[in-house]
Amino acid sequence: MIRIKRAYQSPAKKDGYRIMVDRVWPRGVSKQRLKMDAWFKDIAPSHDLRRWVSQNSQKWDEFKNKYQEELKDKSELLNQVIDLEKEKETITLVYTSGNTEHNSAIVLREILDKLKS
């Protein structure tokens, strides 16, 4: 099972193996409080795409397409996440965005689910 959760929400046992999937560490949150098991910076959207989406937040579908394109070159990282899910049973993709409906972790989970099927 792949869950997603904001970095500012408290960790829980049901999160399982927690993976930070953002390039930027969340402001004001200590490593001890966040309780990350892994940090996959390179699976996050590029700096250019992060900047673009911050200026074009209403263009969700276009962001999804651009991020999916970036992920095509990251099959090794995607497979590592899938392998971790198989091993740990539950993983939680932790993200920093304040937008709970439109964020890169949602796109990443969709891609991972497609790759597993």
Problem - 4.5 Å side-chain heavy-atom contact, Val53 and Pro45 - result: no
Exercise for the section: Give the C-alpha distance, both sets of side-chain angles, the deciding distance and a yes or no for side-chain contact (heavy atoms from CB on, under 4.5 Å) between Lys31 and Leu34. Expected result: CA-CA 5 Å; Lys31 289 183 180 180; Leu34 200 53; 5.8 Å; no
Practice task
Supply the atom-to-atom distance Ile4 CD1 to Asn103 CG, rounded to the nearest 0.5 angstrom.
Solution key: 5.5 Å
Exercise for the section: Would you list the pairs meeting ring-ring contact (aromatic ring centres under 6.0 Å, His included) in which at least one residue belongs to residues 64-89, sequence neighbours left out? Expected result: Phe63-Tyr67
Handout entry: Qualifying residues under side-chain contact (heavy atoms from CB on, under 4.5 Å), relative to Arg33, sequence neighbours excluded
Key = Val29, Ser30
Practice task
Spell out, yes or no, whether Leu77 and Leu49 are grouped together once hydrophobic residues are joined by side-chain heavy atoms under 4.5 Å, including indirect joins.
Solution key: yes
Fill in the blank from the handout: residues 46-56 vs salt bridge (charged side-chain N to carboxylate O under 4.0 Å, His left out), sequence neighbours excluded, gives Asp48-Arg51
Practice task
State plainly whether one hydrophobic cluster holds both Tyr95 and Tyr8, where clusters connect Ile, Leu, Val, Met, Phe, Trp and Tyr through side-chain heavy atoms under 4.5 angstrom apart.
Solution key: no
Residues 104-117, side-chain donor-acceptor partners within the protein, below 3.5 Å, at least two apart:
| unit_1 | atom_1 | unit_2 | atom_2 | d |
| --- | --- | --- | --- | --- |
| Glu110 | OE1 | Lys64 | NZ | 3.3 |
| Asp113 | OD1 | Lys116 | NZ | 3.4 |
| Lys116 | NZ | Glu85 | OE1 | 2.9 |
| Lys116 | NZ | Glu85 | OE2 | 3.0 |
| Ser117 | OG | Asp113 | O | 3.3 |
| Ser117 | OG | Lys114 | O | 3.1 |

Practice task
Please check if the side chain of Gln9 supplies one atom and the backbone of Arg6 the other of a donor-acceptor pair under 3.5 Å.
Solution key: yes
Practice task
May I ask you to decide if Asn99's main-chain N or O and Ser97's side chain share a donor-acceptor pair within less than 3.5 Å?
Solution key: yes
Problem - side-chain hydrogen bond (donor to acceptor under 3.5 Å, both in side chains) pairs, two or more places apart, involving residues 14-29 - result: Lys5-Asp15, Asp15-Arg18, Asp22-Thr96
Handout entry: Rounded distance (nearest 0.5 Å) linking atom CD1 of Ile91 with atom CZ of Arg3
Key = 11.0 Å
Problem - side-chain hydrogen bond (donor to acceptor under 3.5 Å, both in side chains) pairs, two or more places apart, involving residues 35-44 - result: none
Practice task
Specify the closest pair of heavy atoms between Leu93 and Val81, including all atoms of both residues, with the distance to one decimal.
Solution key: CD2-CG1, 4.4 Å
Completion exercise
In this structure, CD1 of Ile19 is separated from CD1 of Ile43 (nearest 0.5 Å) by 8.0 Å
Problem - Under the ring pair (Phe, Tyr, Trp, His ring centres under 6.0 Å) test, residues paired with Phe40 that sit two or more places apart - result: none
Handout entry: Glu89 CD: over 12 foreign heavy atoms closer than 6.0 Å
Key = no
Handout entry: Side chain proximity check, Leu78 to Leu71, heavy atoms < 4.5 angstrom
Key = yes
Handout entry: Any residue meeting ring pair (Phe, Tyr, Trp, His ring centres under 6.0 Å) with Trp52, in chain and number order, not counting sequence neighbours
Key = none
Handout entry: Listed once per pair and sorted, the salt bridge (charged side-chain N to carboxylate O under 4.0 Å, His left out) pairs that draw on residues 70-81, sequence neighbours left out
Key = Glu69-Lys72
Handout entry: Sequence neighbours excluded, every pair satisfying ring-ring contact (aromatic ring centres under 6.0 Å, His included) that has a member inside residues 97-117
Key = Trp60-His102
